[in-house]
Each structure stands twice: as structure tokens, then as C-alpha cells.
Amino acid sequence: MDLSYGSEYGVFRQQVRDFIEANRDQAPAAGARGPAGLAWQKLLIDNGYHSRTVPKAYGGYGAAPDILASRIIAEEFSAAQLSTGLGGQGISMLTPMLLEMGSEAQKLQFIQPTILGEMVWCQGYSEPGAGSDLASLTTKAELDGDEWVINGQKIWTSTAQSADWIFCLVRTEPQAPKHQGISFLLFRMDTPGIEVRPLVDMTGDANFNEVFFTDVRVPKHQIVGERGQGWQVANAILGHERGSLAPPDAAENRLKGIIKLMETETLDGQRIMDNPIFRDRLMKLQGASLAMRFNDMRLLSARINPGQDARLAGLIVKLQGTELRHEIEGFAIDVMGEIGLAYEDNPYLRGNGSWQYQYMYYLGLIIGGGTSQIQKNIIGERGLDLPREPKVTAN
Amino acid sequence: MEFGLSAEQTLLQDTVTRFLEAQAPLATVRRIAAGDTNDKEIWRGMADLGIPGLLIPEALGGVGLGILDAAIVAETLGYHVTPAPFIGTAVMAPLAFMGAGTHSSLLGTMAQGDYRVGIAMSEAIGARNDAGVRFAAGKLSGKSIFVLDSEADGYLVATRNQHLYFVAATAPGLQRQILTTVDKTRTTCELRFNQVDAEMISTDPAVYIRMLDAGRVMQAADTLGAAQCALDQAVAYAKERKQFGRVIGSFQAVKHLCAEMAAGLEPCRALVWYAAHAQDHVPEEARMMACHAKAHLAEVGQFVAKTATEVHGGMGFTDLVGLHFWFKRIGANRQLLGSPALVRAEAARVQGLCA
């Protein structure tokens with residue numbers, strides 16, 4: 001057991017702190033894409049605090065992969081409550097995938113504008129008839145001369161209204177087995193024949209959209225990998241997404257927020273913190289949250305020390321992390337009682353209404369990115385080696 | 001950076017596992033639980049491996065290892081529902097004597113497995129009904145219930161003010177009565193003190209707290225092992241038992257129960273590791289981590305114990321399969337040295353969240 005990062009990382013940590021100290025007044029709010037956000041993004045990349053391992057030729061910082069250095073950057077920016085720069089599906093999903101599977105021309109064309117925040121992406125995977133069973137998707141692309149002609153519909157497409165481009169799974173080989181008939185296409189969202197309809201969800205916002213394709217014509221070369229390889233490409237990215245939906249430090253920050261709430265909110269003149277029932281519930285959540293923090297530390301360690309087996313510890317993260325976060329947000333609402341119902345313009349609103357919003361939003365994340373039930377199948381089959389459900393044979 | 005077990009720690013775990021598989025299989029556990037024999041032969045064998053002296057310094061005849069090493073042993077004992085006085089004699093008592101700087105020759109005897117120390121601290125943690133122990137003029141009076149180990153040669157007794165005293169099991173005026181619990185893999189007893197000569201070991205709360213926290217981490221580790229074994233048995237059964245022409249583990253209703261157990265239990269491993277590590281290396285977090293590990297493992301353990309039994313269907317309910325030994329071990333760990341609600345209240349106090 002050695003929890004220190006080593007002295008060489010002490011120097012690196014100090015560099016990160018010095019950078020934060022010198023530049024923090026330029027930092028915008030998290031995720032901001034305005035001019036200040038883009039300038040901050042460029043500053044982060046130039047100093048190796050974003051897109052750190054993306055090669056220089058594609059606009060990144062070009063450092064060798066160093067898991068601990070990346071972790072230190074995340075820790076220091078989180079401690080300083082500073083924006084770590086832009087995220088989104090183009091940066092967190094498409095870029096690593098292109099680095100692995102894209103052609104040289106695709107890397108040169110797409111990665112730099114994507115990480116600089118100048119090219120915004122959305123992801124076209126799920127369909128009305130293909131949710132948990134994603135590989136049964138039916139949006140089809142047929143080759144007509146030098147162009148794919150795309151027809152069909154996608155759903156749950158976040159940022160589709162503002163995206164410049166889409167990375168999209170389409171069926172190109174209708175005769176092949178379902179997993180082998182899918183291809184991965186990239187195309188502009190202003191291509192004629194694309195219609196985006198916002199999908200208002202329970203939060204009141206349109207976090208997602210429906211996207212309709214009618215004879216959308218896309219140049220033939222805008223495919224990643226070969227024809228029929230789209231499923232492998234998509235799976236590489238899904239693995240990337242699952243672990244990042246519910247980071248443990250965010251859950252712990254929310255618990256700190258709840259502690260503040262419990263110390264300020266009162267019921268019949270008594271601080272909620274002085275009510276042993278609420279305190280017990282807080283401690284239960286803190287215990288569960290600590291378990292996830294150290295589980296994450298174990299996963300980090302297993303990435304650095306290849307001999308360590310943490311496979312099961314990784315498989316459970318999406319299920320446990322999102323369920324726990326939903327429970328944490330719901331507990332904050334219970335702490336406030338009817339005040340916890342306040343929403344939108346209500347003058348009693350606490351934390352800008354984030355507790356109710358996140359309570360609902362995390363229910364979305366329990367379902368999205370592989371539902372809790374699909375996660376349990378994965379844990380059972382890949383983690384515990386239990387047999388798959390037998391295939392239903394058509395009569 | 002390495003958050004995990006070292007090669008030496010893995011070797012320790014393997015060594016204890018091999019010993020228990022050979023010398024303390026379920027058939028032996030059953031005989032001890034039935035009262036046909038006791039745990040002395042197992043403890044003798046563990047002494048040959050150096051287990052009783054795990055935490056005792058080499059200069060005193062022990063092995064000189066740390067709390068994380070002890071937690072690994074506790075986990076292994078829990079996995080095999082082993083009858084052994086490990087938590088009291090090998091962990092809590094040595095920490096008390098070492099913390100107080102006393103009884104170095106007794107520590108040497110304990111390290112050889114030749115002296116067992118039971119733990120009477122229920123009343124300091126939270127006194128039930130009329131139980132309670134007082135010390136005056138060199139003598140203890142009152143009673144302590146659910147004392148760990150009814151076979152011990154001596155007892156460490158804690159009073160409400162967190163002072164620690166030591167009495168011999170044979171001391172005049174001391175009455176010992178076995179208290180049967182659901183968990184028959186380990187023993188508890190009631191001690192009645194009628195003006196019993198007692199030796200003061202420590203009046204320093206830090207000694208009491210280190211001993212208690214380490215004991216709680218051991219209970220958590222024991223539950224981790226026991227729950228892991230219950231889960232392993234459930235998964236093995238789900239792969240073998242057939243109904244409706246299929247193994248039941250292929251039904252999502254059963255598969256998801258197994259997945260839920262694994263999802264709850266796997267993070268507990270890291271929690272126990274860190275809580276144990278903190279006892280020796282992160283003193284400012286030691287108390288809070290011990291409380292959280294104890295309480296969280298109690299909750300997850302309870303869920304796994306119930307669910308693993310359900311996966312076995314009717315057979316899980318029988319004595320034949322023996323899964324109930326794990327169910328009861330987990331149930332006992334949940335209450336001993338502080339029930340979950342009690343230790344969570346302590347976790348909140350330690351953080352200064354309440355008075």
C-alpha cells in the first residue's frame with residue numbers, strides 16, 4: 001500500500017498550482033463555450049492541462065500518457081473549483097476514437113478544431129427501436145456513386161441543436177448479422193435532409209433531441225474504419241463513456257453541499273443536522289460514497305500496476321455511481337422538505353434549484369449509457385461468468 | 001502509487017487460506033458449532049503460522065506486521081467462518097498492551113498462542129439495560145455482557161470512561177457464563193464482577209480508541225470475507241441448479257440478484273483496505289474510517305447474506321447447505337463492537353457534525 005504519488009509528482013503538482021494561481025482570474029464558468037471559454041480552452045491545451053496526450057500534430061500538447069499526471073491535474077483543478085475546460089462527446093468520445101481508429105486525414109481534419117471547441121459534435125447512436133439492444137438499429141445508409149444516402153431516425157441526441165457535426169451509426173450491410181452490418185459515419189449537421197426536434201425531458205429542459213434523416217447525402221470517404229466495422233468502433237467509445245458518468249469526487253462535493261444545507265436549514269427551530277434520523281441517513285450516504293472513492297483509487301492503481309486485478313471493480317462503477325448520486329440528490333430534497341420542491345423562479349430556491357434538477361437528471365443517467373438492468377447483465381455475465389439468456393428462436 | 005495488496009500480503013492470505021481449507025473445513029466448523037469440540041486446535045495451528053503474534057513486535061516474539069495485514073487475515077477467517085479468537089487475542093488485546101506499554105512478557109506468550117484475552121467493552125461502547133462495570137479501590141464490580149471469547153485466559157475490561165483493566169479469568173469473585181448467540185462459530189459470555197482484583201492498564205482514551213477502531217475494522221474485514229464467500233456460493237449454485245430446463249443463473253431475475261451483491265460488495269474491498277491502512281498511516285482519518293467501514297460492511301453484508309440465501313432457494317434455508325453459518329457470522333459482526341446506527345452516530349461526531 002503506497003498512496004503517495006512520488007516526489008517527482010510533487011514538483012508537477014506545484015507547477016499545476018502555480019499555473020492555477022497565475023491564471024485563475026481568466027477562468028470562465030464550467031463548460032462555457034463563449035469567447036472566454038474558448039480562450040481558456042486554448043490556454044489549457046497550450047500548457048498541457050487539456051488534451052494532454054493528443055499529439056502536437058493534431059493540435060494537442062503531445063505529452064506521453066501519464067495517468068498520475070492527469071489525475072493530479074484533475075485533483076488540483078477540482079480543489080480550486082476551476083473549469084477543467086470543455087467536455088462533450090466530440091472531446092471525450094470522438095477524439096480518443098479517432099486517435100485509435102481514424103485515418104491520418106481524419107485526424108488532421110477533425111481533432112484540432114474539436115479540442116479547441118470550434119467544432120461541436122453530437123452522437124447518433126440510439127433509435128426509437130434500438131435502445132438497450134443498440135445493435136438492432138435500422139437507420140440505413142446506401143451507397144449511390146460517391147455518396148452515402150442516409151434515411152432513418154436517431155433519438156437521445158444531446159447537443160444536436162448546437163452541433164456542427166455528428167458521428168453516427170448506420171446500417172450499411174442489411175444482409176450481414178446485426179453486429180457486422182453497421183458502419184460509422186461522420187457528417188455535417190447542416191447537410192440537407194436533417195431535421196432536429198428538441199425532446200423536452202422531466203427536468204423541463206431539452207437535454208436531448210430527435211434527429212430525422214431524409215435522403216441525407218454524405219461523401220463516401222467520411223467513414224471511420226471499414227464498412228461493417230462500426231460496432232467495434234462504437235463499443236470502444238461506450239466503454240470510455242460508462243466510467244465517466246458519475247465521478248466519486250463530484251458525489252463527495254454534493255455531500256459537502258448537503259452538510260452545509262443541514263447546518264443552515266431548520267425545522268421547528270432545530271437545525272436539520274441536529275436531527276439524528278437525518279444525520280444517520282447522511283452518514284449512510286457518506287459511507288457508500290467513501291467506498292466508491294476508494295474503489296476508484298483501486299482502479300487508478302490497477303491502471304498503473306498491471307498485475308492488479310480490478311476488473312469487477314470497474315464493471316460496477318456505472319451502476320453504483322449513478323444510483324448513489326441519484327440517492328444523494330434525493331436525500332438533499334428530503335432535508336429541505338417542501339422547500340425541496342422549489343423550482344425555476346421560486347423564491348425559496350436553494351442551490352439554484354440544482355438538487356431537484358440533478359435528482360431528475362441522474363435518473364436519466366441511470367437509464368442512459370446502458371441502463372442499470374443492462375449493467376447488471378454485464379456484471380453477471382462478464383464479471384461473474386453467469387450464462388447469457390438463451391436467444392429467442394423465431395417460429 | 002499502489003493501492004492494493006503487496007506480494008507478501010497476498011502470500012499471507014494464501015497461506016492462511018490453505019491452512020483453513022485443510023484444517024478448518026465446514027465439517028470442523030459444524031463440530032465446533034455443535035459443541036462437540038472447541039477452537040483450540042485451530043488456534044494452535046494458526047499459532048504455528050504466527051497469526052496470534054501478527055501485530056506483536058519481533059523483539060517480543062511476534063511478527064511485527066500492521067493493521068492491514070491483520071485485516072487480510074480477518075477477511076480470510078470470515079471467508080471460512082473460522083472459529084478463532086483472532087479479533088480479541090491477536091488484534092485488540094495486543095494493541096491495548098502495546099499502547100499502554102505494559103505486559104511485554106504476556107505479549108510474548110500470546111504471540112505463541114498460549115494465552116487468550118477476551119474483550120469486555122460492550123458497556124463502554126453502549127451499555128444495555130443494567131449492564132455496566134465500575135472500578136474503585138483496585139477492584140471491579142458490576143457486569144459485562146456479550147464479552148468476546150468465553151474460553152479466554154484473561155479479559156480486558158473497559159469502563160464507561162474508556163479506562164482499561166485486566167483481570168484473570170480465574171480471579172476470585174469473577175463469574176463467567178456462556179451467552180449463546182445465533183453465531184456459533186465464535187463464543188461470547190457474561191462476566192459478573194464481585195469486587196474482583198483488577199489491574200489498571202490504561203486511562204488514556206487514545207489506547208481505548210485505537211483498540212476499538214482496529215476491532216471494528218476487523219469486524220468489517222471479517223464480514224467482507226464472509227459476504228464474499230456467500231456470494232461465491234450463490235454464484236456457483238446459480239450456475240449449476242437447473243429449473244425450466246435452464247441453469248437458474250441464466251434468468252435475469254437471479255442473475256441480477258448476483259450482480260447486485262457483487263456491485264455492493266466489490267467497493268467494500270477498497271473501503272476495508274483503506275480503513276485498515278488509515279489505522280497505522282492516516283491517524284486523522286482512522287476513527288471515521290473505522291466507523292464507516294464497520295457500518296457500511298454491516299449494511300452490505302446483511303444484503304448479501306439475505307440475497308445469497310434467496311438465490312439458493314429452499315436449500316439456502318436448510319442446515320444441509322450450511323449457508324446459515326455465513327448469514328449468522330455476518331449478523332453477529334453487525335452488532336458486536338457497535339451496531340451500524342451507533343457507529344454512524346460516532347462517525348458524525350468525529351467529524352464535528354454534532355455534539
Side-chain angles (χ1 to χ4, degrees), chain A residues 1-6 9 67-68 71 259 262-263 271 273-274 276 279-284 286-288 290-302 304-305 307-310 312-313 315-317 319-320 323 372-373 375-381 383-390, chain B residues 1-7 9 66 68 231 235 238-239 245-247 249-252 254-277 281-282 288-289 291-297 299-300 340-341 343-348 351 353-355:
Chain A
M1 195 68 73
D2 171 15
L3 303 187
S4 77
Y5 288 0
Y9 287 103
I67 292 158
L68 287 181
R71 179 62 67 111
I259 289 173
M262 290 174 68
E263 287 171 340
R271 296 187 323 158
M273 187 59 91
D274 294 329
R279 219 161 50 224
D280 190 62
R281 287 183 64 187
L282 172 71
M283 287 299 101
K284 266 190 183 168
Q286 191 179 55
L290 283 167
M292 291 309 287
R293 185 214 291 182
F294 298 116
N295 190 68
D296 187 61
M297 200 185 269
R298 182 179 171 201
L299 291 174
L300 174 70
S301 175
I304 306 169
N305 306 285
Q308 288 183 355
D309 175 18
L312 191 51
L315 289 177
I316 59 97
V317 166
L319 172 67
Q320 294 297 94
E323 296 278 357
S372 283
Q373 289 64 42
Q375 298 306 316
K376 289 175 192 174
N377 281 351
I378 292 171
I379 295 163
E381 288 160 18
L384 303 174
D385 203 25
L386 288 165
R388 291 178 67 94
E389 194 101 1
Chain B
M1 190 268 181
E2 188 174 15
F3 183 74
L5 304 186
S6 66
Q9 285 163 336
L68 178 58
L231 168 60
V235 169
K239 285 177 186 171
R246 292 157 54 178
V247 294
S250 69
F251 291 106
Q252 290 191 341
V254 175
K255 183 183 296 171
H256 286 192
L257 290 180
C258 294
E260 286 165 16
M261 286 191 272
L265 192 57
E266 198 57 26
C268 290
R269 189 166 303 281
L271 179 67
V272 168
W273 284 350
Y274 186 81
H277 172 78
H281 301 286
V282 197
M288 184 184 83
M289 290 310 307
C291 291
H292 272 312
K294 173 80 164 73
H296 188 65
L297 266 294
E299 304 297 0
V300 175
V343 286
R344 280 195 294 268
E346 263 186 64
Q351 296 172 68
L353 296 177
C354 58

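Between the CG atom in A/L386 and the CZ atom in B/F251 there is a gap of 13.0 Å [rounded to 0.5 Å]. Distance CZ/A/R293 to OH/B/Y274: 6.5 Å, rounded to 0.5 Å. Between the CE atom in A/M1 and the NE2 atom in B/H281 there is a gap of 9.0 Å [rounded to 0.5 Å]. Atom CG of A/L290 is separated from atom NE2 of B/H296 by 9.0 Å, given to the nearest 0.5 angstrom. Expressed to the nearest 0.5 Å, how far CZ of A/F294 lies from NE2 of B/H292 amounts to 10.0 Å. Rounded to the nearest 0.5 angstrom, A/Q375 CD and B/E260 CD are separated by 13.0 Å.
In this structure, A/K376 and B/Q252 have side chains that are not in contact, with every pair of non-hydrogen atoms separated by 4.5 Å or more. Here the side chains of A/M283 and B/L353 are in contact, with some heavy-atom distance below 4.5 Å. Considering only heavy atoms from C-beta on, B/E2 stays 4.5 Å or farther from A/L3 through its side chain. A heavy-atom distance below 4.5 Å is not found between the side chains of B/W273 and A/M297.
Considering all non-hydrogen atoms of both residues, B/K255 and A/G380 come closest at CG-CA, 4.0 Å. Nearest approach of B/A259 to A/L384, heavy atoms of both residues: N-CD1, 4.1 Å. B/V247 and A/P387 get closest at one heavy-atom pair: CG2-CG, 3.4 Å. The two residues B/A262 and A/L312 have their closest heavy-atom pair at CB-CD2, 4.3 Å.
With a threshold of 4.5 angstrom between heavy atoms, A/L282 approaches chain B through side-chain atoms but not through N, CA, C or O. Residue contact with chain A, scored on non-hydrogen atoms closer than 4.5 Å, is absent for B/A295. Looking at A/R279, only its side chain comes within 4.5 Å of chain B, counting heavy atoms on both sides. Heavy-atom distances place both the backbone and the side chain of A/E389 under 4.5 Å from chain B. Contacts of B/A345 with chain A are absent, with no heavy-atom separation under 4.5 Å from either backbone or side chain. Looking at A/L319, the atoms closer than 4.5 Å to chain B (heavy atoms on both sides) all sit in the side chain, from C-beta outward. Proximity to chain B is absent for every atom of A/D296, based on heavy atoms less than 4.5 angstrom apart.
Remark: B/R344 engages A/D280, B/E299 in a side-chain hydrogen bond (donor to acceptor under 3.5 Å, both in side chains) (not counting sequence neighbours). For A/S372, the side-chain hydrogen bond (donor to acceptor under 3.5 Å, both in side chains) test picks out A/E323, with sequence neighbours left out.
When A/G383, A/A313, A/P390, A/P276 are compared by the number of non-hydrogen pairs under 4.5 Å with chain B, A/P390 comes out ahead. Comparing A/A288, A/A310, A/G6 by heavy-atom pairs within less than 4.5 Å of chain B, the highest count is held by A/A288. Of the listed residues (A/I379, A/N377, A/I304), the one with the most heavy-atom contacts under 4.5 Å to chain B is A/N377. Considering only heavy-atom pairs separated by less than 4.5 Å from chain B, the leading option among A/E381, A/R271, A/M262, A/K284 is A/K284.
No hydrogens or angles considered: nothing links the side chains of B/E266 and A/Q320 as a donor-acceptor pair under 3.5 Å.
When atom types are taken as modelled, the side chain of A/N305 and the backbone of B/M1 share a donor-acceptor pair closer than 3.5 angstrom.
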